[in-house]
**Q** 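Have a look at the structure that comes next, please.
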Amino acid sequence: MKDSYDVVIVGGAVIGASVAYFLTANPDFTGSVLVVERDPRFAQASTALSASSIRTQFSNPINVQISQFGLSFIRGFAEAMQVGDDRPDLNFHESGYLFLASTDAQAQILRENHAVQRACGADTVLWSQAELADAFPHLRVEDIVLASYGRSGEGWFNNTGLMNGFRAKARAQGAELVHDEVTAIGRDGSTVSSVTLKSGAVVKAGIVVNASGPRAGLTARMAGLDVPVEPRKRTLFVLDCAKTPEGSARVTGGRLPLMIDTSGVFIRPEGRYFLSGAVPVDDPAVDFDDFTPRYEEFEDIIWPALAERSEAFEAMKVINQWAGHYDYNTLDHNLIVGRHPEVTNFLFANGFSGHGLQQSPAVGRAVSELITYGAYRSLDFTQVGYERIVENRPFLEKAVI
């Protein structure tokens, strides 16, 4: 490790690794890159503990477009990330998302969101109750007034595969990745100038990128700044169905999508099992080291909703569970990407609120453009910049799970 780098990225999971990849892949960027990661096994990383999926069914054009780029990147990932003979396969299951609405208010949101998605070219459709029943005969649909389905461009994939592919390719392209922890950030007026590591090293930095996930607030405060991001716990359950409905669909070759029930509970296939979760009734910020699953959520929230939705889900058992953290943006649940308006060599890539994995390719590209050219060239992230945080101006996303 050198004593000075043009760019120091704090956080080496999927967001930080994506930034490092896109910087070092760009021939117009000729600087040096250091990525600092405190957890080399990524045992507590949001990346590794996520449901690892991607969708275009959002309510804002920017979020739809971010996912569309992510989709194209995932499809070409093996070729783009090839290092030597290693071509990482993300095992992408393009089986779609299915949103259900049982009230007029929910249906109106689906209609409004669908108009945005279609204007961006997303392959989503709205279905009546009868069309839904025909496509997925295992579902009980008597209460459903409208459904929204992604026919293509949505699904799930290998989460750590995406992260590790970025990391390996960034390293091969010249980025330096180290296991250490940033404990302080030096600042001289309106400029950050260095990072101090737990190992004792002090490294000069031309630019610092905050890619710290749920710890983004801690990193920002080291520079005397603030970002409204805190850890919120989400528990995921792996479920075994006595009689699986996988294979019964009349679309997508029989495969089931990731379904978001009207209750907010979601479920998707996971090999021969299913993966499910829900937004907790009480959703406080948690300690950075609190990864104890909320076991009661299955009996209290998830199973009742799923058993009501499908006879196939009445007999199921939990075979595994784990808890991960959302890097939760308390202002508007949307990503925060861009420079601090006063400390302009401090960049944010934070607050993804559960969407970081799918948004990482577009975010890495955007941050790299901002560093290399001083402006966005591919997709304009101005709407989700830090300025709205200063102004307390939420940029709301209606399709948050």
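Below, each value reflects all heavy atoms present in this structure, side chains not excepted, and no hydrogens, waters or symmetry copies.
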**Q** Starting from the C-alpha separation in whole Å, work towards a yes-or-no answer on side-chain hydrogen bond (donor to acceptor under 3.5 Å, both in side chains) for Gln57 and Ser148.
**A** CA-CA 8 Å; Gln57 292 188 66; Ser148 179; 2.6 Å; yes
**Q** Taking the side chain as everything from C-beta on, heavy atoms only, tell me whether Leu306 gets closer than 4.5 Å to Ile267.
**A** yes
**Q** Please step through salt bridge (charged side-chain N to carboxylate O under 4.0 Å, His left out) for the pair Asp332 and Arg393, ending with a clear verdict.
**A** CA-CA 9 Å; Asp332 58 19; Arg393 175 175 45 83; over 6 Å; no
**Q** How are the rings of Tyr21 and Phe166 set to each other: parallel, tilted or perpendicular (split at 30° and 60°)?
**A** tilted
**Q** For the aromatic rings, using the six-membered ring if either is Trp, is the centroid distance between Tyr295 and Phe237 under 6.0 Å?
**A** no
**Q** In sequence, state the C-alpha distance, the side-chain angles, and the governing distance for Phe42 and Thr160, and then conclude on side chain to side chain contact (heavy atoms under 4.5 Å, CB included).
**A** CA-CA 9 Å; Phe42 299 97; Thr160 55; over 6 Å; no
**Q** Using ring centroids (six-membered ring only for Trp), state whether His93 and Phe157 fall under 6.0 Å.
**A** no
**Q** Step by step, work out the salt bridge (charged side-chain N to carboxylate O under 4.0 Å, His left out) result for Lys169 and Glu79.
**A** CA-CA 11 Å; Lys169 191 68 172 184; Glu79 181 178 355; over 6 Å; no
**Q** Could you tell me whether Arg294 and Glu299 make a salt bridge, using a distance below 4.0 angstrom between a side-chain N and a carboxylate O?
**A** no
**Q** List the atom of Thr56, the atom of Ala122, and the distance in Å for their closest heavy-atom pair.
**A** OG1-CB, 3.7 Å
**Q** Do any N or O atoms from the side chain of Ser360 and from the backbone of Leu357 form a donor-acceptor pair under 3.5 angstrom?
**A** yes
**Q** Examine His340 together with Tyr386 and report whether their ring centres are nearer than 6.0 Å.
**A** yes
**Q** Between atom CG of Leu239 and atom CZ of Arg268, what is the distance when rounded to the nearest 0.5 Å?
**A** 11.5 Å
**Q** Okay, side chain of Ser368, backbone of Arg365: is any donor-acceptor separation there less than 3.5 Å?
**A** yes
**Q** Side chains of Ile9 and Val7: does their closest heavy-atom pair fall under 4.5 Å?
**A** yes
**Q** Any chance you could measure Glu131, atom CD, to Leu126, atom CG, to the nearest 0.5 Å?
**A** 9.5 Å
**Q** For residues Asn334 and Glu397, is any side-chain donor paired with an opposing acceptor at under 3.5 Å?
**A** no
**Q** Is there side-chain contact between Phe99 and Leu110, with at least one heavy-atom pair below 4.5 Å?
**A** yes
**Q** Starting at CD1 of Ile389, measure out to CG of Leu331 and round the result to the nearest 0.5 Å.
**A** 4.5 Å
**Q** To the nearest 0.5 Å, how far apart are NZ in Lys2 and OG in Ser32?
**A** 3.5 Å
**Q** Does the side chain of Asn63 come under 3.5 Å of the side chain of Gln359 through a donor N or O and an acceptor N or O?
**A** yes
**Q** Can you confirm whether Glu176 is buried at CD, in the sense that more than 12 heavy atoms of other residues, nucleotides or ligands lie under 6.0 Å from that atom?
**A** yes
**Q** To the nearest 0.5 Å, tell me how far Ser276 OG sits from Phe313 CZ.
**A** 8.5 Å
**Q** Side-chain contact, heavy-atom cut-off 4.5 Å: Glu311 with His138?
**A** no
**Q** Determine, for Arg215 against Asp289, whether the closest basic-nitrogen to carboxylate-oxygen distance falls under 4.0 angstrom.
**A** yes
**Q** Checking Arg167 side chain against Val14 main chain: does a donor-acceptor pair fall under 3.5 Å?
**A** no
**Q** So, taking the atom named CD in Gln383 and the one named CD1 in Ile62, what distance separates them when rounded to the nearest 0.5 Å?
**A** 6.0 Å
**Q** Has Ser353 got a side-chain atom pairing as donor or acceptor with Asn329's backbone, closer than 3.5 angstrom?
**A** yes
**Q** Minimum heavy-atom separation for Thr47 to Ala13, with atom names?
**A** OG1-CB, 3.6 Å
**Q** Under 6.0 Å from the CD atom of Glu342, do we count more than 12 heavy atoms belonging to anything else shown?
**A** no
**Q** Please determine whether side-chain hydrogen bond (donor to acceptor under 3.5 Å, both in side chains) holds for the pair Tyr97 and Thr124, giving the CA-CA distance in whole Å, both sets of side-chain angles, and the decisive distance to 0.1 Å.
**A** CA-CA 9 Å; Tyr97 267 65; Thr124 59; over 6 Å; no
**Q** Tell me yes or no: between the side chains of Asn26 and Thr24, is some donor less than 3.5 Å from an acceptor?
**A** no
**Q** Using the benzene-type ring in the case of Trp, are the ring centres of His325 and Phe288 under 6.0 Å apart?
**A** no
**Q** Taking NZ, NE, NH1 and NH2 as the nitrogens, is one of them in Asp283 or Arg234 under 4.0 Å from a carboxylate oxygen of the other?
**A** yes
**Q** Are any non-hydrogen side-chain atoms of Gln65 and Asp380 less than 4.5 angstrom apart?
**A** no
**Q** Do Val251 and Phe136 come within less than 4.5 Å of each other through their side chains, counting heavy atoms only?
**A** yes
**Q** If you compare all heavy atoms of Ser95 against all heavy atoms of Leu256, which two are closest, and at what distance to 0.1 Å?
**A** CB-O, 3.5 Å
**Q** Is the backbone N or O of Gln106 less than 3.5 Å from a side-chain atom of Thr103, with the two atoms forming a donor-acceptor pair by type?
**A** yes
**Q** Taking all non-hydrogen atoms of both residues into account, name the closest pair between Ser212 and Thr219 and its distance.
**A** OG-OG1, 2.7 Å
**Q** Quick one: does Ser67's side chain have a donor or acceptor within less than 3.5 Å of a partner on Val64's backbone?
**A** no
**Q** Kindly assign one of parallel, tilted or perpendicular to the pair Tyr149 and Trp127, based on the angle between their ring planes and the thresholds 30° and 60°.
**A** parallel
**Q** Taking side-chain hydrogen bond (donor to acceptor under 3.5 Å, both in side chains) as the cut-off, I'd like each qualifying pair that reaches into residues 183-199, sequence neighbours left out, listed once.
**A** Asp180-Ser199
**Q** Start with the C-alpha distance between Asp3 and Lys204, add both sets of side-chain angles, then the distance that settles salt bridge (charged side-chain N to carboxylate O under 4.0 Å, His left out), and finish with yes or no.
**A** CA-CA 6 Å; Asp3 60 4; Lys204 293 180 182 179; over 6 Å; no
**Q** Say whether Glu369 and Thr372, considering side chains only, have a donor N or O and an acceptor N or O under 3.5 Å apart.
**A** no
**Q** Do any N or O atoms from the side chain of Lys233 and from the backbone of Thr292 form a donor-acceptor pair under 3.5 angstrom?
**A** yes
**Q** Are the side chains of Glu230 and Thr330 in touch, meaning some heavy atoms are under 4.5 Å apart?
**A** yes
**Q** Please check if the side chain of Glu37 supplies one atom and the backbone of Gly11 the other of a donor-acceptor pair under 3.5 Å.
**A** no
**Q** Can you say whether the rings of Phe69 and Phe73 are parallel (under 30°), tilted (30 to 60°) or perpendicular (over 60°)?
**A** tilted
**Q** Less than 4.0 Å between a side-chain N and a carboxylate O, is that true for Arg255 and Glu94?
**A** no
**Q** What are the two closest heavy atoms between Ala220 and Phe348, and how far apart are they?
**A** CB-CE2, 4.3 Å
**Q** For a 4.5 angstrom cut-off between non-hydrogen side-chain atoms, does Tyr5 reach Val203?
**A** yes
**Q** Taking Glu181 for the side chain and Leu197 for the main chain, is one N or O donor matched with an acceptor at less than 3.5 Å?
**A** no
**Q** Is it the case that over 12 heavy atoms from other parts of the model lie below 6.0 angstrom from the CG atom of Asp104?
**A** no
**Q** Restricting to non-hydrogen atoms, name the atom on Arg339 and the atom on Leu347 that form the minimum distance, rounded to 0.1 Å.
**A** NH1-CD1, 3.7 Å
**Q** Is there a donor-acceptor pair closer than 3.5 Å between any side-chain N or O of Trp322 and the backbone N or O of Leu49?
**A** yes
**Q** Are His355 and Phe58 an aromatic pair by the rule of ring centers under 6.0 Å?
**A** yes
